[in-house]
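In what follows, a single structure is set out as structure tokens and then discussed.
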Amino acid sequence: MLFARFFYGLRSAGVPVSTHNWLALLQALVHGLHGQELRGFYEVARCLLCSSEAHYDAFDRVFAETFRDVDVQRAPMLEALRAWLEDPARHPGLDAQALAALQALDLDALRRELAERLQTQRERHEGGSHWIGTGGTSPFGQGGIHPTGLRLGQGGGKTALAVASARRFADYRRDRVLDTRQIGAALRQLRRMGRRGDSSELDIDATIDASAKQAGDLELRYRPPRKNDMRVLLLMDVGGSMDPSAHLVERLFSAATRSGGFRELRAYYFHNCVYGEVYEDAGFSRAVSTGSLLHLPGVHWTLIIVGDAAMHPSELSMASGRWWAAESGHSGLEWLRTLRGRFARSVWINPDPPQFWNARSLAIIGEIFPMVPLSLEGLEELVASVR
Amino acid sequence: MRQNPGYIVSPELARAVEVAVHLQRPLLLKGEPGTGKTLLAFHLAEQLGAPLQRWQVKSTTKAAEGLYVYDTVRRLHDSRFGDGDVKDIERYMSLGPLGLAFESEARCVVLIDEIDKADPEFPNDLLHELDTMSFTIFETRRTVVAKQRPVVVITSNNEKELPDAFLRRCVFHFIEFPGPDLMAEIVRVHHPDLDRTLVDAALARFFRLRALPGLRKPPSTSELVDWLSALALGGVAPELLASHGLPFAGTLLKTEQDFAIAAKRGR
């Protein structure tokens with residue numbers, strides 16, 4: 001059945017539709033809220049089945065796939081088409097050539113063509129004479145002025161399928177990379193609320209207790225307000241293979257400083273792998289020993305390392321990035337293990353899309369740190385893993 | 001939903017409102033700042049002829065505050081100094097926006113504005129009350145039941161993810177940023193008397209500006225409306241906009257970096 005196909009199609013496309021939403025949709029249809037038209041059905045279904053704009057794109061795709069044939073089969077439209085094709089002479093203003101071309105089209109061909117165009121058409125379309133959309137002289141779409149003025153559906157706007165196929169919401173998908181605000185929103189989920197600072201908030205329970213103990217003599221008690229207690233140590237890989245991701249790392253950094261709202265945020269840079277020293281600036285001029293990071297004062301630290309983790313495996317076993325100098329001391333791999341040991345809550349963010357995660361060094365580092373991509377999905381994983 | 005002359009809705013949003021009102025579910029609105037999420041509640045109330053209860057959520061807001069607040073300190077104060085009838089607890093209860101809407105004889109529109117500002121658990125704490133449209137005042141055991149189910153409009157700026165159980169109960173709509181046609185209509189509503197050539201030139205310039213890659217805060221509808229007022233007051237000639245000038249840029253762009261981007265690439 002068509003609706004069951006729609007339901008399971010949505011679920012397998014990652015739209016988390018519950019039976020709860022589905023029943024609400026049926027209820028809405030019983031109320032006739034869709035106005036007995038496909039466009040209305042599209043609108044009603046979308047506002048009840050999608051709970052985030054991130055699902056709009058998948059919804060549009062599944063809708064276009066499932067109901068591709070429905071719009072064409074609808075009786076009134078077929079009737080109109082038939083009348084139109086049987087008697088094109090009623091429509092003045094068509095030249096002989098157009099008339100002949102129209103007569104050559106049969107219904108099945110027309111239907112096939114509509115399905116085909118829906119399949120190939122990917123962008124929103126207005127005007128023109130071929131694609132489906134508003135205006136123009138193509139036989140499909142809304143508000144056409146020529147040759148016949150035949151309209152799909154009723155009222156203004158575009159058909160449901162044209163709207164669904166436009167895929168205007170592709171930008172809101174969750175697996176895409178993020179802007180600063182989205183990163184900030186994700187980081188804010190890391191909050192860990194605690195009471196600290198000046199006692200400026202009236203503690204009613206304590207006040208009542210204290211006053212009761214004094215036989216009703218009022219004694220006001222105050223307590224510190226709730227604030228974020230989370231501290232974040234951010235280590236960022238810069239230069240070399242990270243150059244293409246520089247803008248992403250910059251966004252992450254500015255999101256963390258501006259809207260993270262952390263109690264404390266320390267950010268350092270490194271190149272390729274963490275060795276004995278990290279740097280306060282991306283130009284590597286102010287060095288800080290990595291060892292000192294192990295003794296950061298305060299509790300609730302979360303370590304976030306950002307890097308593509310792509311390097312030659314030997315660079316992990318070296319003691320510094322200076323491969324020409326045989327230096328002694330901890331290797332990069334040992335430093336990573338030590339950091340992981342110090343920070344129970346730590347995660348590695350990789351700005352490369354997961355399909356490129358195949359360097360050997362990645363597998364090694366992936367064994368030490370949980371690794372997530374720099375996408376909304378990835379940051380959600382991050383929040384879940386450090387909580 | 002009838003089109004309000006002061007507020008332009010897309011067909012999708014009109015349908016979502018209709019569904020929310022009919023199915024008596026909260027309407028959850030998301031979208032870029034400046035797309036009119038809050039305004040919708042005001043206009044909906046106006047159209048339904050219903051009183052509006054606005055609940056502005058802040059990071060410290062607790063769910064219970066929307067229902068009722070028990071002023072213990074005043075009661076304590078009164079008991080100490082012998083003012084008023086301390087035995088009557090009801091005197092120290094004041095209803096929150098949701099409580100007031102439940103008690104109201106007329107159907108209300110309740111606006112829960114910027115729900116994402118509060119603690120992540122905040123929406124969950126309201127689930128039961130929104131489902132049953134009733135709550136009990138713990139101190140007096142009085143149950144407040146909605147005389148008329150209010151229409152609930154909730155807005156979110158997406159700063160935090162909302163819990164799934166809460167989302168399941170809502171009718172959701174994401175307000176897209178208006179396209180050029182809809183924007184022209186919106187502008188006409190705000191500036192009915194403005195010179196058409198100026199409006200067209202300003203709109204074209206506005207959408208070119210918004211399309212610049214890397215803007216930290218792309219200008220929104222409300223900034224466009226302000227900018228048009230400035231252009232009209234300043235007597236700016238439309239030709240100036242066509243030749244890539246950006247007079248009164250301060251009404252559109254709000255960060256230094258954006259100014260730099262507009263100066264570099266906006267020409």
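Any value given below was found using the heavy atoms of this structure, including those in side chains, with hydrogens, waters and symmetry copies removed. Just so we're on the same page: letters track the sequence lines, and every chain starts at 1.
Contact annotation: the side chain of P11(B) approaches that of E43(A) to within less than 4.5 Å [non-hydrogen atoms, C-beta and beyond]. T207(A) has its side chain out of reach of T72(B): every pair of non-hydrogen atoms, C-beta onward, lies at least 4.5 Å apart. Using a 4.5 Å heavy-atom threshold, the side chains of R39(A) and E12(B) count as touching.
Here the closest heavy-atom approach between residue R25(B) and residue A24(A) is recorded as NH2-CB, 3.4 Å. In this structure, F174(B) and Y56(A) approach most closely via the heavy-atom pair N-OH, 2.9 Å. Looking at every heavy atom in both residues, K30(B) comes nearest to S52(A) through NZ-OG, 4.3 Å. Among all heavy-atom pairs drawn from L33(A) and V19(B), the shortest one is CD1-CA, 3.7 Å.
For L49(A), no part lies near chain B; criterion is any non-hydrogen pair under 4.5 Å.
Going from atom SG of C47(A) over to atom CG of L23(B) covers 8.0 Å, rounded to the nearest 0.5 Å. Rounding to the nearest 0.5 Å places CZ of F172(B) at 12.0 Å from CG of L48(A).
Sorted pairs that involve residues 60-75 of chain B and meet salt bridge (Lys or Arg N to Asp or Glu O under 4.0 Å), not counting sequence neighbours, are lacking altogether. Sorted by first and then second residue, the side chain to side chain donor-acceptor pair (under 3.5 Å) pairs involving residues 14-34 of chain A (not counting sequence neighbours) are S18(A)-N21(A).
Ranked by heavy-atom pairs under 4.5 Å with chain B, the first of V44(A), L202(A), L220(A), I208(A) is V44(A).
More than 12 heavy atoms of other residues, nucleotides or ligands lie within 6.0 Å of CZ in R169(B), so this atom counts as buried by the packing criterion. Open room surrounds CZ on F138(B); 12 or fewer heavy atoms of other groups in view lie less than 6.0 Å from it. No more than 12 heavy-atom neighbours from other residues, nucleotides or ligands sit within 6.0 angstrom of CD on E256(B).
Within the 3.5 Å criterion, the main-chain N or O of A16(B) finds no donor-acceptor partner in the side chain of R46(A).
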